[in-house]
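Scroll down for the structure; my scribbles are underneath it.
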Amino acid sequence: MKISILTLFPEMFGALSCSIIGRAVNNGFLQIDIVDIRKYSKDKHFKCDDYPFGGGAGMVMMPQPIYDAVQSVDPNRKCRRIYMSPKGRVFSDSIVKEIASDSRDLLILCGHYEGVDQRVLDLCIDEEISIGDYVLTGGELAAMVVVDAVSRFVPGVLGSEKSNRDESISSGRLEYPQYTRPAEFMGVKVPEILLSGHHENVEKWRNKESERLTSLLRPDLTENEK
Ligand code: ADE
């Protein structure tokens, strides 16, 4: 999958060179292109924002640099085009899977300041996505959340496909607690069953713990099943 991210702050995306996403990019399972909107400004100072018509606080991102950046990345409208915004559909596991199973490449527009001129959104964007009911200073961190969560479902990105199925939420349950060495830490022992080598009992214990934690911490996850 190719993901193009349009932003005024390309340097923020250094985080995507790390860890699992960085490895997936290096190994060719994922292509991430960071596109600097400022390069498309026709202003001699590369200005990309201006005062809002009608007055009010803050600045609004101008339509032309964004329009030209989108056109250069996706001239034939082949991408799924997303604008990160607190007004959007609230991101969830089902949206992650919907995007990951879409055969189109992704184009993600990050806004800043007080927002983006509505006309360029109407002209260029397919959908708006919010990562939650709070307002960030820009769409960059939100875009990284979407890239990270979607990439986990791109074949080859995770070492083993199984890692996805067992994960919290994806399975409709919270994940069971995990432990590693040492078997005793600060006087606290790992549950005996995990040291037994009895795979069936380990599986049963993990399922029970998943159910217990889900009904304790997130009973809403299973409400539809009742
Ligand atoms: N930009 C600012 N706040 C946001 C949010 N909550 N989700 C997505 N993009 C945003």
Side-chain angles (χ1 to χ4, degrees), residues 1-21 30 32-41 47-70 73-74 79-102 104-154 167-170 218 220-221:
M1 178 185 264
K2 180 179 165 193
I3 306 176
S4 304
I5 304 173
L6 279 57
T7 174
L8 286 175
F9 299 94
E11 62 278 13
M12 286 182 75
F13 291 89
L16 296 180
S17 318
C18 305
S19 187
I20 294 172
I21 305 299
L30 207 57
I32 300 179
D33 284 358
I34 309 297
V35 179
D36 186 352
I37 296 169
R38 204 170 292 282
K39 286 198 184 139
Y40 294 87
S41 171
K47 191 169 118 102
C48 287
D49 61 320
D50 211 329
Y51 295 99
F53 278 127
M59 303 291 269
V60 176
M61 284 172 72
M62 296 153 70
Q64 173 270 317
I66 294 174
Y67 186 85
D68 288 355
V70 170
V73 168
D74 183 29
C79 291
R80 181 172 182 144
R81 298 172 171 189
I82 295 170
Y83 171 52
M84 301 314 306
S85 157
K87 289 185 200 155
R89 258 202 307 166
V90 179
F91 201 47
S92 64
D93 188 56
S94 65
I95 299 179
V96 173
K97 287 172 181 153
E98 185 192 305
I99 296 174
S101 60
D102 191 323
R104 290 174 292 178
D105 286 332
L106 267 191
L107 181 156
I108 305 180
L109 171 65
C110 304
H112 241 272
Y113 313 115
E114 288 309 301
V116 168
D117 187 291
Q118 186 62 40
R119 291 165 296 181
V120 78
L121 299 179
D122 295 342
L123 283 166
C124 294
I125 295 298
D126 298 321
E127 65 191 310
E128 300 193 11
I129 289 181
S130 163
I131 62 159
D133 290 336
Y134 40 81
V135 180
L136 303 166
T137 56
E140 283 77 9
L141 289 170
M144 281 189 261
V145 168
V146 170
V147 169
D148 190 285
V150 169
S151 298
R152 296 179 67 255
F153 285 87
V154 172
E167 226 54 87
S168 292
I169 311 292
S170 257
R218 291 294 306 276
D220 54 299
L221 289 179

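Just so you know, ligand 1 is whichever comes first in the structure, and atom 1 is the first atom listed for that ligand. Keep in mind that what you see is a predicted model, and the values were worked out from it rather than measured.
Residue Glu140 forms a side chain to side chain contact (heavy atoms under 4.5 Å, CB included) with just one option from Val145, Thr7, Ile34, and that option is Thr7. Of the candidates Ile108, Leu107, Val73, Val35 forms a side chain to side chain contact (heavy atoms under 4.5 Å, CB included) with just one, namely Val73.
Of all the atoms in ligand 1, the ones that sit under 4.0 Å from a non-hydrogen atom of Ala142 are 8 (C), 9 (N). Applying the 4.0 Å criterion to heavy atoms of Gly132 picks out, from ligand 1, the atoms 6 (N).
With a 4.5 Å cut-off on side-chain heavy atoms, Met84 and Leu136 do not count as touching. A 4.5 Å side-chain heavy-atom check between Cys110 and Ile5 finds at least one atom pair inside the cut-off.
The closest protein non-hydrogen atom to atom 7 (N) of ligand 1 is Ile131 N, 3.0 Å. For atom 3 (N) of ligand 1, the closest non-hydrogen atom of the protein is Leu136 N, 3.0 Å. The closest protein non-hydrogen atom to atom 9 (N) of ligand 1 is Ser85 N, 3.2 Å. In this structure, the protein non-hydrogen atom closest to atom 4 (C) of ligand 1 is Pro86 CD, 3.6 Å. Among protein heavy atoms, the minimum distance from atom 6 (N) of ligand 1 is reached at Tyr134 O, 2.8 Å.
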Stepwise side chain to side chain contact (heavy atoms under 4.5 Å, CB included) test for Arg104 and Asp74: CA-CA 11 Å; Arg104 290 174 292 178; Asp74 183 29; over 6 Å; no
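Within the structure, the closest approach of Ile129 to ligand 1 falls below 4.0 Å when heavy atoms are considered. At least one heavy atom of Gly138 sits less than 4.0 Å from an atom of ligand 1.
In this structure, CG on Leu106 lies 6.0 Å from CD1 on Ile99, to the nearest 0.5 angstrom.
Note on Asp93 versus Lys97: salt bridge recorded, some NZ/NE/NH1/NH2 to OD/OE distance being below 4.0 Å.
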